[in-house]
Amino acid sequence: MGNIKLKAATIKDKPLLVHMDYSLNKIEHIALKREEKITKSILNNECFIILSDTSKVGFILFDYRFFDNGWIELIIIDEKHQGHGIGSAAIKMIGRLCKTTKIFTSTNQSNEIMQKALNKAGFTFAGKIHGLDEGDPELFYFKNLSEQNPS
Ligand SMILES: CC(C)(COP(=O)(O)OP(=O)(O)OC[C@H]1O[C@@H](n2cnc3c(N)ncnc32)[C@H](O)[C@@H]1OP(=O)(O)O)[C@@H](O)C(=O)NCCC(=O)NCCS
């Protein structure tokens with residue numbers, strides 16, 4: 001793993017980010033209107049590119065729409081860069097940019113790698129919601145940032 005940094009995405013990054021997401025899961029990309037989501041997020045300054053040294057290896061959509069707390073809407077690591085500690089490092093880093101004392105996110109119960117990455121980044125399980133994806137409940141996670149980001 002190189003030196004991991006986050007950088008605000010610009011509209012010039014859109015084709016790359018759309019391509020990363022599309023290549024990982026074409027069906028979800030289309031069904032969940034991810035191109036539109038990524039575009040809106042870039043325009044609202046809520047999209048961060050993950051750099052490993054100078055290479056763009058993934059992105060995070062981050063906002064404050066979860067009861068006014070920091071919220072990781074989506075994190076994508078390009079397939080060839082997965083499993084090298086980049087996701088958990090980037091999740092930890094977005095916590096440093098977060099302006100609220102708590103940060104939340106969620107993932108499907110079936111996504112064990114995301115759950116491990118969240119645990120590694122210091123998040124703890126906050127609860128389970130049924131009914132979003134049939135047969136695959138949504139697991140919520142949070143991290144208290146008051147020690148990491150003292151005011
Ligand atoms: C989920 C995701 C963001 C995690 O990022 P990552 O860089 O691949 O994960 P990390 O390398 O930081 O791994 C974190 C932990 O997960 C586990 N892990 C990672 N890859 C694994 C694999 N292929 N098999 C089993 N466990 C794995 C390890 O326990 C690892 O901890 P370790 O480094 O101490 O061994 C990334 O894999 C991804 O983009 N996946 C597809 C999109 C997605 O699911 N996004 C989340 C939507 S909610």
Side-chain angles (χ1 to χ4, degrees), residues 1-9 13-42 44 46-98 100 102-145 148-149:
M1 180 174 66
N3 181 25
I4 305 301
K5 278 192 259 170
L6 299 180
K7 173 177 140 324
D13 297 308
K14 177 185 159 179
L16 174 70
L17 307 193
V18 166
H19 174 73
M20 275 184 200
D21 189 62
Y22 181 80
S23 330
L24 273 187
N25 190 333
K26 297 170 184 53
I27 294 171
E28 259 190 14
H29 181 83
I30 293 163
L32 302 179
K33 299 193 174 144
R34 285 275 184 73
E35 179 167 353
E36 199 180 313
K37 200 186 208 23
I38 291 167
T39 309
K40 274 192 191 156
S41 185
I42 294 174
N44 288 334
E46 291 169 348
C47 178
F48 298 85
I49 304 255
I50 303 165
L51 293 165
S52 172
D53 294 329
T54 54
S55 308
K56 296 173 176 175
V57 296
F59 64 95
I60 299 188
L61 308 188
F62 173 76
D63 60 50
Y64 293 94
R65 291 194 189 93
F66 190 73
F67 298 93
D68 297 326
N69 290 287
W71 170 255
I72 300 171
E73 172 70 16
L74 181 68
I75 173 166
I76 296 290
I77 305 296
D78 199 17
E79 199 161 16
K80 58 182 176 294
H81 295 284
Q82 291 178 10
H84 294 104
I86 297 173
S88 40
I91 292 168
K92 226 184 243 177
M93 240 165 233
I94 202 80
R96 296 206 190 101
L97 296 182
C98 182
T100 53
K102 283 185 259 175
I103 182 169
F104 287 80
T105 192
S106 73
T107 188
N108 284 108
Q109 184 163 289
S110 60
N111 196 341
E112 289 179 12
I113 294 182
M114 179 62 175
Q115 290 156 47
K116 284 183 184 162
L118 287 167
N119 284 322
K120 213 175 149 189
F123 281 63
T124 48
F125 177 63
K128 188 192 281 198
I129 299 282
H130 292 271
L132 286 164
D133 290 330
E134 203 54 47
D136 194 3
E138 197 71 17
L139 305 188
F140 284 73
Y141 281 78
F142 95 108
K143 183 175 181 179
N144 189 322
L145 301 167
Q148 183 179 305
N149 302 340

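Counting convention: from 1, in listed order, for ligands and their atoms alike.
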What residue and heavy atom of the protein are closest to [atom], and at what distance?
atom: atom 38 (C) of ligand 1; result: Gln82 NE2, 3.6 Å
atom: atom 48 (S) of ligand 1; result: Thr107 OG1, 3.4 Å
atom: atom 20 (N) of ligand 1; result: Gly83 CA, 3.6 Å
atom: atom 29 (O) of ligand 1; result: Lys116 CD, 3.3 Å
atom: atom 21 (C) of ligand 1; result: Ile113 CD1, 3.5 Å
atom: atom 7 (O) of ligand 1; result: Gly87 N, 2.7 Å
atom: atom 46 (C) of ligand 1; result: Ile75 O, 3.5 Å
atom: atom 2 (C) of ligand 1; result: Ile77 CG1, 4.4 Å

Asn108 side chain to Asp133 side chain, donor-acceptor N/O pair below 3.5 angstrom: yes

query: Are more than 12 heavy atoms from other residues, nucleotides or ligands located less than 6.0 Å from atom CD of Gln109?
result: yes

task: May I ask you to check whether over 12 heavy atoms, not counting those of Tyr22, lie within 6.0 Å of atom OH?
output: no

Any nitrogen or oxygen of [X], side chain or backbone, less than 3.5 Å from one on ligand 1?
X: Leu24; result: no
X: Ala89; result: no
X: Ser88; result: yes
X: His81; result: no

At under 4.0 Å between heavy atoms, is it the side chain or the backbone of [X] that contacts ligand 1, or both, or neither?
X: Lys120; value: side chain
X: Asn111; value: side chain
X: Ser106; value: backbone

- request: Would you confirm whether Thr105, through its side chain, and Tyr141, through its main-chain N or O, come within 3.5 Å as a donor-acceptor pair?
  value: no

- request: Return yes if some donor-acceptor pair links the side-chain N/O of Ser52 with the main-chain N/O of Gly2 below 3.5 Å, else return no.
  value: yes

Tell me, do [X] and [Y] make a side-chain contact under 4.5 Å, heavy atoms counted?
X: Trp71; Y: Asn69; value: no
X: His84; Y: Ile77; value: no
X: Glu46; Y: Glu73; value: no

message: I'd like to check atom 14 (C) of ligand 1 in this structure: does the protein have a heavy atom lying under 4.0 Å from it?
response: yes

field: atom 35 (O) of ligand 1 protein-contacted (non-hydrogen atom, under 4.0 angstrom)
entry: no

query: What is the ring orientation for Phe66 with Phe104, classed by angle as parallel under 30°, tilted 30 to 60°, or perpendicular over 60°?
result: tilted

field: From Ile103 atom CD1 to Gln148 atom CD, the distance as rounded to the nearest 0.5 Å
entry: 8.5 Å

- request: Step through it carefully: locate the ring centre of Phe62, locate the ring centre of Tyr64, and say whether they are under 6.0 Å apart.
  value: yes

